[in-house]
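Right, one structure below, let's go through it.
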2 protein chains.
Amino acid sequence: MKALDISEVAKRSGVPASALRHYEEKGLIESIGRRGLRRIFEPVVLDQLALVALGRAAGFSLDEIARMFGVDGRPKIDRAMLAAKAADLDATIRKLEAMRDGLRHAAACPAPSHMECPKFRRYLRVAAAGAHGGRKRDRLAAPFSSGTGNSLSHDRSPRRPPVDRRR
Amino acid sequence: MKALDISEVAKRSGVPASALRHYEEKGLIESIGRRGLRRIFEPVVLDQLALVALGRAAGFSLDEIARMFGVDGRPKIDRAMLAAKAADLDATIRKLEAMRDGLRHAAACPAPSHMECPKFRRYLRVAAAGAHGGRKRDRLAAPFSSGTGNSLSHDRSPRRPPVDRRR
DNA sequence: ATGCCACTTCAAGTCGACTTGAGGTCAAGC
DNA sequence: GCTTGACCTCAAGTCGACTTGAAGTGGCAT
């Protein structure tokens, strides 16, 4: 039969069982019953998990993901909102591109201090551009350690910076 | 004269004073002295803060940023690492693009469930691609509500709800 | 000289997404 | 029929980046 036991789902998806329980509690996935105490899931949960992972990778919170898509992958809220999210992502992408170019340049440029390099400053300006107009510090990706062995990034939790309200 | 008082820096940069103190403690910026108790900074701190904001926007932790650049904006660690970070960012960007396209499509596609739409699934596959090879749950951006008025992201209200930590 | 009050320090709290731990349950294998 | 071990629940802990609160300090205007 098609029913998957939680450990099966964990194994196939790479998502720890504890996280699966957490997702279920949050309403992101649902189990179709129990075998004894054990949760059992339909195989489609694997697709749902992929969608969740994708949303998380794009920086959405679990709550946002739950609001964007039902467990069936059907958009729950209006399409305009999805389009807006897409637009947000687009702005995000442009900032990341500037950051990437800045880093790339920093790795190659011989200038002693990048702050004095006009090219670098230009990237900086581009990247900062978004943060300025809209006035909102958003947070983005923690790209993971590349294979360089330089892994400084031990990633963990995202965070939304609280809106700053200083008088 | 050029020295800026902390409140000045906060005002000009949009970064709360408490965060500035935090950054100083972390070694991301430095004050050049005190006037009474008040920290004073050189104007260049504004550039440094822009760099920090940029790094944060790209998803790096404060520690990583501190390791990548000294307070002077000079790369502290080897250039290969910076290039590697750039490559990471590049992979990230591609995932985000897939997510964006997926959302864009979800907003337009009439299919009842996106899980059944081949196009959507393809975006999903692309976006999920990176997550698989590296096997590390990376986290990315939390783009904020765009200006569409669709803001689902409740930013923290200024007043804290009553603490409920009963145990 | 006095008061104001924006700053200071330091400890503790917050938020999200989980993880960890203690104590409990149960289908299965011997 | 008893042990085993993977699962269960629920509370509490963790991590990063700050924020908040209490209590203190000192420049500046009166």
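Below, read A as the first sequence line, B as the second, and so on, with proteins coming before strands; counting in each chain starts at 1. These figures come from a predicted structure and were not determined experimentally.
B:Asp47 has its side chain within reach of A:Arg121: a pair of non-hydrogen atoms, C-beta onward, lies under 4.5 Å apart.
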Distances under 3.5 Å between nitrogen or oxygen atoms of protein and nucleotides 9-11 of chain C:
| residue | atom | partner | partner atom | Å |
| --- | --- | --- | --- | --- |
| C:dT9 | OP1 | B:Arg34 | NH2 | 2.9 |
| C:dT9 | OP1 | B:Arg39 | NH2 | 3.1 |
| C:dT9 | OP2 | B:Arg39 | NH1 | 3.0 |
| C:dT9 | OP2 | B:Arg39 | NH2 | 2.8 |

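Atom NE2 in A:His105 sits 14.5 Å away from atom CZ in A:Arg100 (nearest 0.5 Å). Distance check: A:Leu82 CG to B:Arg104 CZ gives 12.0 Å after rounding to the nearest 0.5 Å. Remark: A:Lys11 NZ to A:Ser7 OG distance equals 5.5 Å, nearest 0.5 Å. Here CZ of A:Arg21 is found 5.0 Å from CD1 of A:Ile6. Values are rounded to the nearest 0.5 Å. A distance of 6.0 Å separates CE in A:Met68 from CD1 in A:Ile65, rounded to the nearest 0.5 Å. In this structure, CE in B:Met81 is found 10.5 Å from CG in B:Asp88, a value given to the nearest 0.5 Å.
When the P atom of D:dT19 is taken as reference, atom CD of B:Glu24 falls 15 Å away, rounded to whole Å. Protein atom CD1 of A:Ile40 is 15 Å distant from nucleotide atom C1' of C:dC26, rounded to whole Å. Atom-to-atom, CD of B:Glu64 to P of D:dG16 comes out at 11 Å; the value is rounded to the nearest Å. Following rounding to the nearest Å, B:Phe60 (CZ) and D:dA17 (C1') show an atom-to-atom distance of 17 Å. Atom CD1 in B:Ile29 sits about 15 Å away from atom P in D:dA17, given to the nearest Å. The separation between B:Leu28 atom CG and D:dC18 atom P is 9 Å, rounded to whole Å. What separates CD of B:Glu25 from P of D:dT19 is a distance of 13 Å, to the nearest Å. Note: NZ (A:Lys26) to P (C:dT19) measures 14 Å, nearest angstrom.
Contact annotation: B:Ser18 side-chain N/O to D:dT20 OP1/OP2 distance is not under 4.0 Å. Between A:Tyr23 and C:dA17 there is no side-chain polar atom (N or O) within less than 4.0 angstrom of OP1 or OP2.
Of the charged side-chain nitrogens involved, none lies within less than 4.0 Å of a carboxylate oxygen, so that A:Arg67 and A:Asp63 do not count as a salt-bridged pair.
For B:Glu8, the CD atom counts as densely surrounded, since its 6.0 Å shell holds more than 12 non-hydrogen atoms of other residues, nucleotides or ligands.
Along DNA chain D, the nucleotide nearest A:Ala17 and the nucleotide nearest B:Ala19 are compared for position; the residue whose nucleotide lies closer to the 5' end is A:Ala17.
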Between protein and nucleotides 24-30 of chain D, map the contacts as a letter string: B base, S sugar-phosphate only, - none, heavy atoms under 4.0 Å, written 5' to 3'.
-> BB-S---
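Listed nucleotides D:dA17, C:dC18, C:dC7 differ in distance to B:His22; the shortest reach to its side chain belongs to D:dA17.
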